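In this chain, numbering begins with 1 at the start of the sequence shown. All of these numbers come straight from a predicted model, not from anything done at the bench.
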Amino acid sequence: MTQKERQDRSKEEIYQAALEEFGTLGYNKVTMERICGNHGISKGMMYHYYSNKDELFLLCVERTFADLKAHVERDAGEPSGQNILEDIKSFFMIRESYFQLHPRQKVVFEDAMLRPPKHLAEQIQALRGPIREVNRRFMRQLVEKMPLRPEVEPQKAVRYLESVEYFFQSILRNYRDSCAAGDLHTMFETAGEMLEMILFGILRQPPSA
């Protein structure tokens with residue numbers, strides 16, 4: 001084994017240990033000492049590659065974003081435009097399906113997006129750039145096929161859908177109070193019900209005078 005291969009193996013070992021800790025406890029409860037102690041990593045090896053837990057957390061965030069981007073690009077086809085609600089629901093649920101398969105990355109993602117450490121917020125936003133562009137590309141394709149209200153400009157519609165997608169997981173989790181945690185089919189149906197109200201509203205339009 002070459003020196004580079006040994007270094008890569010050591011860095012991967014540290015990454016997997018950090019992912020388990022951040023993906024179980026969240027950023028605030030993790031320390032470098034805990035990662036070392038729980039996973040048999042010497043402090044000498046740890047500090048040879050990473051100087052603090054912020055570097056490790058950003059590594060976990062970066063790889064989570066990259067894996068999620070690859071997952072979305074693989075599974076998201078171009079919207080058909082025949083059933084807008086189904087197109088949106090399918091796209092939003094792609095991310096949920098990824099986190100069903102990778103629960104630790106889900107905790108890292110939610111920490112980064114919903115509870116980011118203030119001193120890391122700018123770096124996290126920069127790391128989010130590639131997955132944000134994937135989302136925007138799909139949203140633009142979708143909006144081109146949507147029968148928008150005359151007063152709604154396409155750019156505004158894209159921003160609105162982006163905002164919904166950004167908080168979709170949290171909204172869905174709160175809405176589906178009777179949904180079994182591991183039941184993806186029920187979650188998919190609940191997502192459709194929720195998205196229908198988001199897109200079409202809940203109030204009946206008053207009769208015009």
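- If you check the side chains of Tyr98 and Asp75, you find no donor sitting under 3.5 Å from an acceptor.
- In this structure, CD1 on Ile131 lies 5.0 Å from CG on Asn135, to the nearest 0.5 angstrom.
- Atoms OG and NE2, on Ser97 and His102 in that order, are 9.0 Å from each other to the nearest 0.5 Å.
- Between Leu85 and Ile198, the closest side-chain pair of non-hydrogen atoms is not below 4.5 Å.
- Judged by a 6.0 Å distance limit and a 45° cone about the ring axis, Arg104 is not positioned over the six-membered ring of Phe22.
- Within 6.0 Å of CZ on Arg140 lie more than 12 heavy atoms contributed by other residues, nucleotides or ligands.
- A donor-acceptor pair under 3.5 Å is formed between the side chain of His71 and the backbone N or O of Ile94.
- Checked by atom type, the side-chain pair Glu86/Ser90 shows no donor-acceptor distance below 3.5 Å.
- With hydrogens and angles disregarded, no donor-acceptor distance shorter than 3.5 Å links the side chain of Arg128 to the backbone of Phe65.
- The two residues Lys145 and Ile84 come nearest to each other via the heavy atoms O-CD1, 3.7 Å.
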Quiz item: Taking it one step at a time, do Thr24 and Glu20 satisfy side-chain hydrogen bond (donor to acceptor under 3.5 Å, both in side chains)?
Solution: CA-CA 6 Å; Thr24 302; Glu20 182 173 337; 5.5 Å; no
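- Residues Leu59 and Lys11 form no side-chain contact, since every pair of their non-hydrogen atoms from C-beta on lies 4.5 Å or further apart.
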Quiz item: Under the side-chain contact (heavy atoms from CB on, under 4.5 Å) criterion, do Leu161 and Leu199 qualify, and how do the steps go?
Solution: CA-CA 9 Å; Leu161 290 174; Leu199 289 174; 4.2 Å; yes
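- Under the 3.5 Å distance criterion, the side-chain polar atoms of Asn52 are matched with a main-chain donor or acceptor of Glu55.
- For the ring-ring contact (aromatic ring centres under 6.0 Å, His included) criterion with Phe57, the lone passing option out of Tyr27, Phe109, Tyr50, Tyr15 is Tyr27.
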Quiz item: Between Gln16 and His39, is a side-chain hydrogen bond (donor to acceptor under 3.5 Å, both in side chains) present by the stated rule, with each step listed?
Solution: CA-CA 9 Å; Gln16 292 295 337; His39 300 274; over 6 Å; no
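- Counting non-hydrogen atoms of neighbouring residues, nucleotides and ligands closer than 6.0 angstrom, the CD atom of Glu122 reaches no more than 12 such neighbours.
- Smallest separation of non-hydrogen atoms from Cys36 and Ser42: SG-O, 4.2 Å.
- For CD of Glu5, the number of neighbouring non-hydrogen atoms (other residues, nucleotides, ligands) closer than 6.0 Å is greater than 12.
- Two residues are said to be in side-chain contact when any heavy atoms from C-beta on lie closer than 4.5 Å; Gln7 and Thr2 fail this criterion.
- When all heavy atoms of Ala112 and Pro116 are compared, the pair lying nearest together is O-CB, 3.1 Å.
- Contact between Arg6 and Met1 at its shortest, heavy atoms only, is NH1-O, 2.8 Å.
- Leu142 is connected to Phe200 through a chain of hydrophobic side-chain contacts under 4.5 Å among Ile, Leu, Val, Met, Phe, Trp and Tyr, so both are in one cluster.
- Rounded to the nearest 0.5 angstrom, Lys53 NZ and Leu120 CG are separated by 9.5 Å.
- Salt bridge absent: Glu110 and Arg95 never bring a charged side-chain N and a carboxylate O closer than 4.0 Å.
- Crowding of Arg149 atom CZ: a count of heavy atoms from other residues, nucleotides or ligands under 6.0 Å not exceeding 12.
- At a threshold of 4.5 Å between non-hydrogen side-chain atoms, the residues Met139 and Arg159 do not count as touching.
- The closest donor-acceptor contact from the side chain of Lys69 to the backbone of Arg132 lies at 3.5 Å or more, if one exists at all.
- Counting heavy atoms from C-beta outward, Lys43 and His48 have side chains that stay 4.5 Å or more apart.
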Quiz prompt | Full working for side-chain contact (heavy atoms from CB on, under 4.5 Å) between Leu25 and Arg34 | solution = CA-CA 11 Å; Leu25 299 174; Arg34 181 184 177 88; 3.0 Å; yes
Self-check item: Candidate pair Ile14 and Arg9, rule side-chain contact (heavy atoms from CB on, under 4.5 Å), full reasoning
Solution: CA-CA 9 Å; Ile14 294 171; Arg9 186 177 68 177; over 6 Å; no
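- A single hydrophobic cluster is not seen to contain both Phe91 and Leu101; linkage of ILVMFWY side chains at heavy-atom distances under 4.5 Å, directly or through other members, places them apart.
- Nearest heavy atoms, Ala157 versus Leu148: CB-CD2, 4.0 Å.
- We find the CG-CG distance between Asn28 and Asp111 to be 7.0 Å, quoted to the nearest 0.5 Å.
- Ile41 and Ala17 get closest at one heavy-atom pair: CD1-CB, 3.7 Å.
- Note: the hydrophobic cluster containing Leu127 does not contain Val107 (ILVMFWY, side chain heavy atoms under 4.5 Å, direct or indirect links).
- The CE atom of Met113 sits 8.5 Å away from atom CD1 of Ile124, with the distance rounded to the nearest 0.5 Å.
- No more than 12 heavy atoms of other residues, nucleotides or ligands sit less than 6.0 Å from atom NZ of Lys156.
- A salt bridge between Asp67 and Arg63 is absent, with no side-chain N of the basic residue lying under 4.0 Å from a carboxylate O of the acidic one.
- In this structure, Lys89 NZ and Leu195 CG are separated by 8.0 Å, a value rounded to the nearest 0.5 Å.
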